Amino acid sequence: MSKEKFLKAYEPGNFETEIYAAWEASGVFLPKGEPVENHSNRFSIVMPPPNANGNLHIGHGLTIALEDAMTRYHRLRGEPTWYVPGADHAGFETWVVYERELEKAGHTRFEYSREELYARVWDFVGEQRGNMELQLRALGVSCAWKDLTFTLDENVVRRVYTTFEKMWQDGMVYRGEKLVNFCTKHQTAFADIEVEHEDEKGYLWEIAYPLTDGEGEIVVSTTRPETLFGDVAVAVNPQDERYKHLIGKEVQLPLTKRTIPVITDEHANPEYGTGAVKITPAHDFDDFEVGERHDLPRVTVIGFDGKMLPIVGESYAGLSTIDCREKVLADLREAGLLRSEAEITHAVAHCYKCGTVIEPLLKEQWFVDTERLAAEAIRHLEADEIKFFPASKKQVLINYLKGLKDWNISRQIPWGIAIPMFQRADLYDGSDAATGDAEQQAPEWVFDARTELKEIEVGGVRYVRDEDTFDTWFSSAHWPMVCTNWEENFPNPFYPLNIMETGADILFAWVARMIMMGLYVTGEVPFYEVYLHGLVLDAHGKKMSKSKGNVINPMELVAKYGSDAFRLGILRGRSAGMNQAFSEDAVVAGRNLCNKLWNIARFVQGVVDEEAASLNQDDYSTDNLGEDWICRELDECRLLVETGMREQRFAEVVETLYSTIWDKYADWFLESQKLYKNVPLLQATLEMILTMLHPFAPFVTETIWQNLSWTEGMLISAEWPSRMKYDAISAEKFERLVIAVSEVRSTLQALSEAHKGHFGYGLLYGEDALVDDNSLLMQYLCKVPSIASCEGAPRGLRVALPNNELYLDVPEKVVRDYRSALEERILAVGRELDALNLRMSNPRYVERAPEELVEETRQQIAEKEGLIERLKGQLEVI
RNA sequence: GGGUUGUUAGCUCAGUUGGCUAGAGCGUCUCGUUUACACCGAGAAGGUCGGGGGUUCAAAUCCCUCACAACCCACCA
């Protein structure tokens with residue numbers, strides 16, 4: 001590239017694609033150098049895999065901005081750095097999308113075998129693949145593309161099967177008939193965590209169950225009268241005096257011919273409803289447990305299609321639960337058994353995808369016994385082996401793990417990793433009933449990884465594959481292992497990961513499971529740090545959702561403002577774990593910074609071109625105050641960036657860089673360089689700010705680097721800046737000069753406003769060595785037409801500075817017009833002085849506050865007193 | 001019902017272990033075409049840091065309490 005490309009404004013679209021291609025082609029995204037065993041000298045991170053067939057949303061944008069900034073920073077520090085990208089088959093999500101397509105085309109899943117469906121979805125995803133990866137590239141992600149892991153890759157499946165087999169052998173996997181959360185629309189069970197509870201209006205009905213001995217009745221409270229066909233008991237609290245005489249009696253179950261017992265159980269709450277509750281173990285989680293305690297039968301009355309089963313009798317069978325409810329209520333009313341109806345609000349479980357009410361149904365499923373896994377995870381968490389950002393999430397996670405229940409890992413959707421379990425054929429369908437002893441003694445279930453086969457033969461016995469697939473979180477739990485090829489590379493120099501960065505909303509679903517699984521398989525925590533980002537809300541702090549129509553597409557922002565601007569904007573003001581509103585203004589500010597940096601580079605390149613003679617110097621020196629000052633400021637900035645990166649405080653790092661580059665480097669240093677032109681220093685300092693900003697704005701910094709005449713190689717693999725050398729006393733002096741210039745400018749502006757004139761006044765100075773030594777710079781920065789010593793005869797308006805003797809050479813008339821402004825200023829300083837005096841007049845302050853603080857206060861009082869004195873003198877002159 | 005986190009300028013948000021005059025971006029107002037940049041420069045206005053109480057020489061920061069908001073968890077029929 002050449003300088004001709006240094007156009008006036010930075011146009012990201014002209015460079016980004018080209019720059020990204022150059023990075024990718026150079027191989028710089030792959031880890032460089034020998035990974036060392038000490039994890040502090042290498043950096044590994046894996047991408048939470050975006051949905052392979054989807055588009056990136058704003059949350060991905062934040063994820064990439066964070067992860068890529070970390071990655072680039074560590075790469076610049078010279079550490080072997082490995083950022084592994086991923087793509088998710090997104091089992092249920094993708095299945096829902098595909099099934100919708102299928103339905104649009106007038107088909108249903110039931111027309112196809114599982115193999116056919118799997119193949120069809122595979123093709124469907126294949127068509128979409130690539131979009132997501134292109135979008136990641138547009139965001140500038142510097143990940144090792146050749147190591148991209150798809151969640152259905154062969155090595156992932158192999159790893160998952162190995163773990164599952166180990167769990168099966170360890171007795172941690174079991175087949176159980178339990179109540180599961182079942183979506184009757186999607187025909188699949190869910191883990192507890194996948195179910196959404198919402199408060200809804202409903203009714204609490206009271207229904208009379210007559211005693212079989214004819215001695216009255218017992219009235220139960222229920223929100224689901226249609227499940228009464230599945231009732232197996234009525235429970236009352238053992239402490240409830242009202243019902244003591246009924247315990248052990250039988251009642252007639254209304255609308256049926258069955259009778260059921262009255263039992264006691266703590267579950268019955270005497271305070272709620274009538275205090276008597278019907279027990280339906282097959283359709284209610286509480287009742288299921290009551291049933292277990294009392295060894296009650298489970299009567300299933302609702303099918304997986306959400307319709308009433310034949311067992312409920314001809315007049316109800318086949319009805320939906322809602323229709324059945326209406327009919328039951330009507331019939332009860334007619335029978336005179338419905339005692340009351342009251343509106344209530346209660347939590348109802350819904351499918352998180354389609355909103356269908358979740359039906360608790362009995363189903364045979366595979367479960368993972370989580371007790372051991374959770375206990376081990378808690379042990380390592382309590383030993384502080386993983387550092388959390390924000391720190392508070394660690395305890396939140398421990399609390400969750402303490403209450404963790406067994407994990408249902410069976411899903412009835414074809415798009416996923418098949419569960420490698422086979423059932424003895426005779427038990428599977430009964431059609432091929434076992435005849436011999438050998439068959440009858442064979443185990444009911446066997447583990448076998450040959451899931452591509454529908455049937456297998458083991459020891460002469462025929463087995464049929466379980467049709468279900470794994471919960472995606474079961475395989476995702478292996479993510480850090482599979483992405484780093486933990487098994488093949490053992491001992492793996494990149495495992496455990498340095499950090500896991502992901503959304504705070506999947507702390508339980510994912511982070512918890514990665515920790516449990518990592519410990520179970522490898523014996524080590526899978527990562528040393530966890531950074532959890534919050535939700536990106538819309539501009540008004542509302543959650544983004546398609547239905548609300550407030551979704552912001554990151555790609556549109558990238559197209560409009562550039563990738564760097566988006567990255568700078570999305571990180572601004574965002575801290576770990578917090579849900580924060582998205583601000584397009586912050587992206588605009590990012591865009592402006594990129595343009596500013598671009599013009600800084602144009603200026604520096606211009607000076608370098610002009611002063612060609614002084615080129616090719618290896619090192620810089622500092623020859624005047626501003627140069628020492630900028631070296632000090634840049635070095636301070638570097639330290640703040642390093643600390644901020646260590647502590648994962650990205651918003652602060654960006655803020656620091658922004659103000660250093662703009663408010664210090666451009667506004668003061670470059671302005672003063674228009675007089676002095678220290679070429680080697682300009683070059684060194686520009687390189688430094690480019691390097692420090694590169695993790696956050698990779699494209700513009702690299703583009704500039706490529707366009708500068710003297711730089712070599714690529715910025716992405718440049719060296720992190722080392723310490724700057726400077727004279728601290730000079731730097732301090734420049735700081736005072738800055739204050740003086742600001743005050744002069746401010747006074748000039750106030751004068752012009754008071755007097756409606758333009759401010760072509762000269763500047764005079766008295767006994768002021770600092771100004772005397774730097775008069776040219778003062779004149780230039782203050783934009784005054786002249787500067788001179790007042791030769792012991794001050795005139796005009798004294799500038800209100802405590803440490804400098806400066807006068808603006810203005811006519812007396814103007815000073816008089818300025819009188820009110822001066823009076824105001826005196827009052828303001830007076831107020832400040834009062835506050836300081838108040839502090840000093842408190843003897844306990846002097847006594848207890850640190851000495852340097854007290855000393856500082858004393859100095860300030862002296863300064864303010866001097867200043868006020870001078871201002872008053874000025875007023876008297878007028 | 002339990003838990004977590006918020007409430008700081010017109011808007012969106014920073015503010016590390018308590019300590020100089022509480023900051024930024026965007027917006028607003030005034031002035032300005034000084035050849036790096038109008039995606040700019042200079043200057044300015046704007047906040048009793050949600051309310052109340054407490055600890056301290058000193059509180060936006062620590063403690064208590066109230067109000068409001070968001071999110072997460074939860075089987076109360």
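For clarity, every value in this text was computed on a predicted model and none was experimentally measured. We name chains A, B, ... by the order of the sequence lines, and we start the count at 1 in each one.
In this structure, CG of D505(A) is placed 15 Å from C1' of rU5(B), rounded to the nearest angstrom. Atom pair E847(A):CD and rA58(B):P shows a separation of 12 Å (rounding to whole Å applied). With rounding to whole Å, Y658(A) atom OH is found 18 Å from rC13(B) atom P. Distance, L397(A) CG to rC73(B) P: 13 Å, rounded to whole Å.
The same atom, P, is picked in rG41(B) and in rA36(B); the two are 13 Å apart, to the nearest Å. The C1' atoms of rC76(B) and rG18(B) are separated by 45 Å, rounded to the nearest whole Å. If you take atom P in rG19(B) and the same atom in rU61(B), they sit 10 Å apart, rounded to whole Å.
Each of Y780(A) and G577(A) has a nearest nucleotide on RNA chain B; the 5'-most of these lies closest to G577(A).
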task: Report, as a single string ordered 5' to 3', how protein heavy atoms within less than 4.0 Å touch nucleotides 17-23 of chain B: B base, S sugar-phosphate only, - not at all.
output: --BBB--
message: Counting primed atoms plus P, OP1 and OP2 as sugar-phosphate and everything else as base, spell out the protein contacts along nucleotides 37-42 of chain B at 4.0 Å heavy-atom distance: B, S or - for each nucleotide, 5' to 3'.
response: BSBSSB
Short heteroatom pairs, N/O only, protein and nucleotides 74-77 of chain B, under 3.5 Å:
residue: rC75(B); atom: O2'; partner: D286(A); partner atom: OD2; Å: 3.1
residue: rC75(B); atom: N1; partner: D286(A); partner atom: OD1; Å: 3.0
residue: rC75(B); atom: O2; partner: D286(A); partner atom: OD1; Å: 2.1
residue: rC75(B); atom: O2; partner: D286(A); partner atom: OD2; Å: 2.7
residue: rC75(B); atom: N3; partner: D286(A); partner atom: OD1; Å: 3.4
residue: rC76(B); atom: N3; partner: N269(A); partner atom: ND2; Å: 3.0
residue: rA77(B); atom: O2'; partner: S221(A); partner atom: O; Å: 3.3
residue: rA77(B); atom: N6; partner: N269(A); partner atom: O; Å: 2.9
residue: rA77(B); atom: N6; partner: Y272(A); partner atom: O; Å: 2.3
residue: rA77(B); atom: N1; partner: N269(A); partner atom: N; Å: 3.0

Strictly under 3.5 Å: I want the nitrogen or oxygen pairs between protein and nucleotides 47-49 of chain B, one per line.
none

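For the ring pair (Phe, Tyr, Trp, His ring centres under 6.0 Å) test, no residue two or more places apart in sequence or in another chain qualifies with F603(A). Residues meeting the salt bridge (charged side-chain N to carboxylate O under 4.0 Å, His left out) test with D265(A), sequence neighbours left out: R293(A). Every residue was checked against the salt bridge (charged side-chain N to carboxylate O under 4.0 Å, His left out) condition with K393(A), not counting sequence neighbours, and none meets it. When the side-chain contact (heavy atoms from CB on, under 4.5 Å) test is applied to A208(A), the partners found at least two apart in sequence or on another chain are E217(A), V219(A), L337(A), R339(A). Partners of K674(A) under the salt bridge (charged side-chain N to carboxylate O under 4.0 Å, His left out) rule, at least two apart in sequence or in another chain, are E671(A).
Note on residues 573-600 of chain A: pairs passing salt bridge (charged side-chain N to carboxylate O under 4.0 Å, His left out), not counting sequence neighbours, are K560(A)-E584(A).
At least one side-chain nitrogen or oxygen of K543(A) sits closer than 4.0 Å to the OP1 or OP2 atom of rC72(B).
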For residues 854-864 of chain A, dump all side-chain donor-acceptor pairs below 3.5 Å to protein atoms at least two apart in sequence or in another chain.
residue: T857(A); atom: OG1; partner: Y845(A); partner atom: OH; Å: 3.1
residue: T857(A); atom: OG1; partner: L853(A); partner atom: O; Å: 2.8
residue: K864(A); atom: NZ; partner: E832(A); partner atom: OE1; Å: 2.9

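Ranking rC72(B), rA14(B), rU12(B) by closeness to the Q580(A) side chain, first place goes to rA14(B).
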- prompt: If you write RNA chain B from 5' to 3' in dot-bracket form, with Watson-Crick or G-U pairs under 3.5 Å, [ ] for crossing pairs and | for pairs with another strand, what do you get?
  reply: (((((((..((((.....[...)))).(((((.......))))).....(((((..]....))))))))))))....
